[in-house]
Amino acid sequence: MNLILKIWIWITFLRNKEQLPTESKITNPKMEYEEMSGAFIWEDEGLWDVRNHHLAAAFKYVIHHRMTLIVGPDNDVDVMRSKKFDKKIFKMAKKHFPHWIGFNESRCSYNPELADRILRIKKVADWRLKKLFGEDY
């Protein structure tokens, strides 16, 4: 199953090369929680602006792995598929979209302040999801 998914993602990346922004047109872009991946994007990254929903679906693994880089190895953040798989897709995306604004070092490196904010937002989002489905704590 992972091989088929990996091939599909690779084809999606090939078909959508050069379709993501390389620089921001926003002075201070907001970070937003993306519920389907349980990760975060910045509003200037263009992932949800592209008309191809396959690219956004493939990038779930990329942005989720990127979140683990931001929060650091000491924080327990779940994975989309597996740490190894998510990391491979992240590296694949960097090869196909090397200048994408989402790969700027400031968005892919450990940041204690941002990590704290991300973990707090995730905790609230997880609580809301559990509440929605009526799960007890």
Side-chain angles (χ1 to χ4, degrees):
M1 178 64 176
N2 279 350
L3 179 60
I4 294 169
L5 181 58
K6 197 180 298 184
I7 291 169
W8 173 80
I9 291 170
W10 175 70
I11 291 168
T12 301
F13 287 170
L14 282 175
R15 287 183 176 165
N16 293 281
K17 214 171 185 179
E18 308 299 328
Q19 289 191 18
L20 295 176
T22 58
E23 55 185 60
S24 183
K25 295 177 179 146
I26 302 171
T27 307
N28 191 15
K30 293 184 286 185
M31 183 182 72
E32 303 170 347
Y33 182 67
E34 199 284 308
E35 291 183 35
M36 294 306 288
S37 67
F40 294 80
I41 59 171
W42 278 261
E43 65 180 328
D44 61 350
E45 293 180 337
L47 284 175
W48 279 228
D49 298 337
V50 293
R51 294 185 177 192
N52 186 335
H53 67 281
H54 295 293
L55 184 59
F59 258 83
K60 289 187 304 188
Y61 304 96
V62 176
I63 63 173
H64 202 280
H65 180 71
R66 180 180 66 179
M67 180 180 64
T68 65
L69 298 174
I70 295 169
V71 300
D74 296 335
N75 290 307
D76 186 27
V77 178
D78 54 343
V79 294
M80 285 295 294
R81 198 123 186 114
S82 73
K83 285 184 181 184
K84 186 177 177 181
F85 182 86
D86 292 359
K87 187 175 184 177
K88 281 184 179 183
I89 300 304
F90 182 85
K91 287 181 177 183
M92 184 191 303
K94 282 190 86 166
K95 286 180 184 175
H96 289 88
F97 303 91
H99 304 292
W100 175 53
I101 192 168
F103 288 134
N104 286 354
E105 190 173 332
S106 65
R107 297 184 188 190
C108 295
S109 303
Y110 174 66
N111 179 325
E113 183 180 311
L114 195 52
D116 182 56
R117 184 171 167 216
I118 285 171
L119 293 171
R120 282 186 284 119
I121 292 170
K122 277 195 68 58
K123 189 174 184 177
V124 170
D126 290 346
W127 175 81
R128 285 183 178 158
L129 187 63
K130 287 179 181 180
K131 184 179 176 185
L132 177 69
F133 288 108
E135 294 180 22
D136 294 331
Y137 290 84

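Note that this is a predicted model, so its numbers are computed, not measured.
Judged as a ring pair (Phe, Tyr, Trp, His ring centres under 6.0 Å), the pairs with a partner in residues 62-83 (not counting sequence neighbours) are, in order, H65-F90. Here salt bridge (Lys or Arg N to Asp or Glu O under 4.0 Å) pairs that include residues 91-101, with residues two or more places apart or in two chains, number zero.
The nearest pair of heavy atoms linking L55 to F13 is CD1-CD2, 4.0 Å. In terms of heavy atoms, N2 sits closest to F85 at O-CE1, 3.7 Å. Taking every heavy atom of both residues into account, V71 and A115 meet most closely at CA-CB, 3.5 Å. Nearest heavy atoms, A56 versus L47: CB-O, 4.0 Å.
Residues that satisfy the side-chain contact (heavy atoms from CB on, under 4.5 Å) test with K25, not counting sequence neighbours, are absent from this structure. Taking the side-chain contact (heavy atoms from CB on, under 4.5 Å) definition, one finds that E43 meets it with I26, P29, K30, E32, sequence neighbours left out. Every ring-ring contact (aromatic ring centres under 6.0 Å, His included) that Y33 has, sequence neighbours left out, goes to F40. Residues that satisfy the ring-ring contact (aromatic ring centres under 6.0 Å, His included) test with W42, not counting sequence neighbours, are absent from this structure. With sequence neighbours left out, the salt bridge (Lys or Arg N to Asp or Glu O under 4.0 Å) criterion links D44 to R107. With sequence neighbours excluded, the residues forming a side-chain contact (heavy atoms from CB on, under 4.5 Å) with W10 are L14, M92, H96, listed by chain and number. The side-chain hydrogen bond (donor to acceptor under 3.5 Å, both in side chains) search around N104 returns none, not counting sequence neighbours. Contacts of H54 classified as side-chain contact (heavy atoms from CB on, under 4.5 Å), with partners at least two apart in sequence or in another chain: W8, T12, N52. In terms of the side-chain hydrogen bond (donor to acceptor under 3.5 Å, both in side chains) criterion, N111 has no residue partners (sequence neighbours excluded).
Residues F97 and F103 keep their aromatic ring centres 6.0 Å or farther apart.
Annotation: side chain of L5 is in contact with side chain of R81 (closest heavy-atom distance under 4.5 Å). Contact annotation: the side chain of M31 approaches that of I121 to within less than 4.5 Å [non-hydrogen atoms, C-beta and beyond]. Here the side chains of F59 and L20 are in contact, with some heavy-atom distance below 4.5 Å.
Taking 4.0 Å as the cut-off between side-chain N and carboxylate O, D126 and K130 do not count as a salt-bridged pair.
When hydrophobic clusters are built by joining Ile, Leu, Val, Met, Phe, Trp and Tyr residues whose side-chain heavy atoms come closer than 4.5 Å, directly or via intermediates, I41 is not grouped with V124. In the hydrophobic clustering of ILVMFWY residues, with side-chain heavy atoms under 4.5 Å counting as a link, I4 and Y61 come out apart.
Interatomic distance, D86 CG to I63 CD1, rounded to the nearest 0.5 Å: 11.0 Å. Atom CE of M67 is separated from atom CG of L119 by 8.0 Å, given to the nearest 0.5 angstrom. Summarising the geometry, atom CZ belonging to R117 is positioned 10.5 Å from atom CD1 belonging to I70; distances are rounded to the nearest 0.5 Å.
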CA sep, side-chain torsions, deciding dist, call: K87, L69, side-chain contact (heavy atoms from CB on, under 4.5 Å): CA-CA 10 Å; K87 187 175 184 177; L69 298 174; over 6 Å; no
